[in-house]
Amino acid sequence: EAQVTQNPRYLITVTGKKLTVTCSQNMNHEYMSWYRQDPGLGLRQIYYSMNVEVTDKGDVPEGYKVSRKEKRNFPLILESPSPNQTSLYFCASSFLTSSSPLHFGNGTRLTVT
Amino acid sequence: DQQVKQNSPSLSVQEGRISILNCDYTNSMFDYFLWYKKYPAEGPTFLISISSIKDKNEDGRFTVFLNKSAKHLSLHIVPSQPGDSAVYFCAASGVGGSNYKLTFGKGTLLTVNP
């Protein structure tokens, strides 16, 4: 089954404790991206990658890192999480061809205390 | 500055009636528009899209209308069904349909009552 898989689905952590949210897709998509969803703010792009070893900042990149060492994986790294990073995170992927729709994972709900 | 605006946080309609969800944008460089649907505890899923060279695109019960002069698009669902109850996100791209600069609105919660 074609899908984008995020892990974990739920995560509660404390301020400053480094964490990684994994994202993997099995559709051979070149493009991958991370979004966060917050009440009243919709979906905002954190980082994106157009291919292996190619990453770029989205609209809200502060406090996050990403890497794209393999085509299928695009982990989101929070080196020193803070409470304002409490949010619902979505990974997405697509082909780079024009009009290719984004496929989203089911989300990771992160709480930083 | 919000470039894609969905001014109605929620909408409630009766089953069988038409649902109309609205979206406005401010950036004249946007040339491709999409609607995504999101159920609770799931990621958004692609619903329908429209290029700026068109003013209407239809897919079954879903039709998207684009008014470029007004910088406005709308999603019509006819007839509405209870399974359509979800959050609908409007999104816009300014790079010929590419996803890498996709800007989303805040979403509209649609409730279809039986």
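Order of the sequence lines sets the chain letters (A, B, ...), proteins ahead of strands, with each chain counted from 1.
Both I50(B) and L21(B) sit in one connected hydrophobic cluster of ILVMFWY residues. Membership requires side-chain heavy atoms under 4.5 Å apart, directly or through other members. Linking Ile, Leu, Val, Met, Phe, Trp and Tyr residues whenever their side-chain heavy atoms come within less than 4.5 Å places F33(B) and F62(B) in a single cluster.
Your options are G40(A), C91(A), P39(A), S33(A), and the one with the most heavy-atom pairs under 4.5 Å with chain B is G40(A).
Not counting sequence neighbours, the partners of A41(B) by the side chain to side chain contact (heavy atoms under 4.5 Å, CB included) test are R9(A).
At a heavy-atom separation below 4.5 angstrom, chain B is approached by G105(A), N106(A) within residues 105-113 of chain A. Contacts between residues 15-23 of chain A and chain B, defined by a heavy-atom separation under 4.5 Å, are made by no residue at all.
Interface remark: Q37(A) contributes side-chain atoms only to the contact with chain B (heavy atom separation under 4.5 Å).
Annotation: the span from Y35(A) atom OH to L102(B) atom CG amounts to 4.5 Å, rounded to 0.5 Å. Between the OG1 atom of T45(B) and the NE2 atom of H103(A) there is a distance of 10.5 Å, given to the nearest 0.5 Å.
Inter-residue side-chain proximity for Y36(B) and L43(A) is flagged as unmet; no heavy-atom pair is nearer than 4.5 Å.
Summarising the geometry of P101(A) relative to F46(B), their closest heavy-atom pair is CB-CG, 3.4 Å, with the distance given to 0.1 Å.
For residues 20-36 of chain A, the pairs satisfying salt bridge (charged side-chain N to carboxylate O under 4.0 Å, His left out) are R36(A)-D38(A), with sequence neighbours left out.
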